[in-house]
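One structure below.
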Amino acid sequence: MVVMPVVDQEKCNGCELCINVCPCRALVLVKNVITVIETKDCGWCIQCEVICPSGAITCPYEIVIEETH
Ligand code: SF4
Ligand code: SF4
């Protein structure tokens, strides 16, 4: 399974800024809201999260804390 950025479709206003910034074409506009297509090409560049003016996209990284002894 490919882990992709998550879109809150309630918040998306269809401005298409994320589509223009995404280098892997994972984001498409369907009925005026963004839908994320699973692709291995998503490099987690987080540009979609950064550019979204309404905070509709989040890239939920899993934070792993490594203990050093
Ligand atoms: S993290 Fe980058 S490559 Fe992945 S969907 Fe967002 S803009 Fe596209
Ligand atoms: S940048 Fe945000 S508000 Fe604009 S189309 Fe993408 S997800 Fe929707």
Side-chain angles (χ1 to χ4, degrees):
M1 201 189 106
V2 186
V3 182
M4 295 297 296
V6 178
V7 175
D8 184 338
Q9 297 191 329
E10 298 279 310
K11 291 184 184 171
C12 175
N13 62 19
C15 69
E16 298 191 25
L17 285 174
C18 57
I19 294 178
N20 294 331
V21 84
C22 175
C24 78
R25 301 177 186 276
L27 309 168
V28 291
L29 203 61
V30 179
K31 293 180 185 163
N32 225 31
V33 290
I34 289 298
T35 297
V36 182
I37 299 168
E38 282 191 16
T39 170
K40 289 192 178 73
D41 293 339
C42 170
W44 288 82
C45 64
I46 73 163
Q47 288 186 68
C48 52
E49 179 177 355
V50 171
I51 200 137
C52 181
S54 58
I57 300 188
T58 45
C59 298
Y61 281 95
E62 189 177 336
I63 298 172
V64 179
I65 299 169
E66 218 174 286
E67 284 186 40
T68 50
H69 292 286

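Below, all heavy atoms of this structure are taken into account, side chains as well, without hydrogens, waters or symmetry copies. Start at 1 and go down the list; that is how both ligands and their atoms are numbered.
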(message) Taking 4.0 angstrom as the limit and counting only heavy atoms of Cys15, give me the atoms of ligand 2 inside it, by number and element.
(response) 1 (S), 3 (S), 4 (Fe), 5 (S)

(request) Under 4.0 Å from a heavy atom of Ile57: give me the atoms of ligand 2 that qualify, with their elements. (result) 7 (S)

(message) Below a 4.0 angstrom heavy-atom separation, can you tell me which part of Asn13, side chain or backbone, both or neither, approaches ligand 2?
(response) both

(request) Please round to the nearest 0.5 Å and tell me the distance separating atom CD of Glu16 and atom CG of Asn32. (result) 8.0 Å

(request) Using a strict 4.0 Å cut-off to heavy atoms of Cys18, name the atoms of ligand 2 that fall inside it. (result) 1 (S), 5 (S), 6 (Fe), 7 (S)

(message) Can you give me the closest heavy-atom contact between Val7 and Ile57, atom names plus distance?
(response) CG2-CG1, 3.9 Å

(message) I need the contact type for Ile46 against ligand 1. Using non-hydrogen atoms and a strict under-4.0 Å cut-off, is it side chain, backbone, both or neither?
(response) backbone

(request) Please identify which atoms of ligand 1 are closer than 4.0 Å to at least one heavy atom of Cys24. (result) 3 (S), 8 (Fe)

(message) Check for me, please, whether Val36 and Val3 land in the same ILVMFWY cluster - side-chain distances under 4.5 Å, paths through other members count.
(response) no

(request) Return the residue, atom name and 0.1 Å-rounded distance of the protein heavy atom closest to atom 5 (S) of ligand 2. (result) Glu16 N, 3.1 Å

(message) Under 4.5 Å between side-chain heavy atoms, counting indirect links through other Ile/Leu/Val/Met/Phe/Trp/Tyr residues: same cluster for Val50 and Met4 or not?
(response) no

(request) Identify the two heavy atoms, one from Cys59 and one from Trp44, that lie closest to each other, and give their separation to 0.1 Å. (result) CB-CZ3, 3.5 Å

(request) Quick one: look up the protein heavy atom nearest atom 8 (Fe) of ligand 2 and list residue, atom name and how far away it is. (result) Cys12 SG, 2.4 Å

(message) Using 2.8 Å as the threshold, say whether any N, O or S atom from Cys22 sits that close to atom 6 (Fe) of ligand 1.
(response) no

(message) Show, in sequence, the C-alpha distance, side-chain angles and deciding distance for Thr39 and Val2, and conclude whether the side chain to side chain contact (heavy atoms under 4.5 Å, CB included) test is met.
(response) CA-CA 7 Å; Thr39 170; Val2 186; over 6 Å; no

(request) Please could you name the atoms of ligand 2 that Cys52 approaches to less than 4.0 Å, counting only its heavy atoms? (result) 1 (S), 2 (Fe), 3 (S), 7 (S)

(request) Under 4.0 Å from a heavy atom of Gly43: give me the atoms of ligand 1 that qualify, with their elements. (result) 3 (S)

(request) Please determine which of Thr35, Ile37, Ile19 meets the side-chain contact (heavy atoms from CB on, under 4.5 Å) test together with Leu27. (result) Ile19

(request) Please report which non-hydrogen protein atom sits nearest to atom 4 (Fe) of ligand 1, along with the residue it belongs to and the distance in Å to one decimal place. (result) Cys42 SG, 2.4 Å

(message) With heavy-atom distances below 4.0 Å as the criterion, list the atoms of ligand 2 near Pro53.
(response) 1 (S)

(request) Taking all heavy atoms of Ser54 and all of Lys11, pick out the closest pair and write down the distance. (result) OG-O, 3.1 Å

(message) To check you understand the geometry: which heavy-atom pair defines the closest contact between Gly14 and Leu29, and what is its length?
(response) CA-CD1, 4.0 Å

(request) Among all protein heavy atoms, pick the one closest to atom 2 (Fe) of ligand 1 and tell me residue, atom and distance. (result) Cys45 SG, 2.2 Å

(message) So if I count the atoms of ligand 2 from 1 in the order they appear, which ones are less than 4.0 Å from some heavy atom of Ile34?
(response) 5 (S), 6 (Fe), 7 (S), 8 (Fe)

(request) Would you mind listing which atoms of ligand 2 come within a distance below 4.0 Å of any non-hydrogen atom of Ser54? (result) 3 (S)

(message) If I compare all heavy atoms of Cys12 with all of Ala56, which pair ends up nearest, and what's the gap?
(response) N-CB, 3.7 Å

(message) Looking at Gln9 and Ile34, would you say the former's side chain and the latter's main chain have a donor-acceptor pair under 3.5 Å?
(response) yes

(message) Taking only non-hydrogen atoms of Cys48, do any sit less than 4.0 angstrom from ligand 2?
(response) no

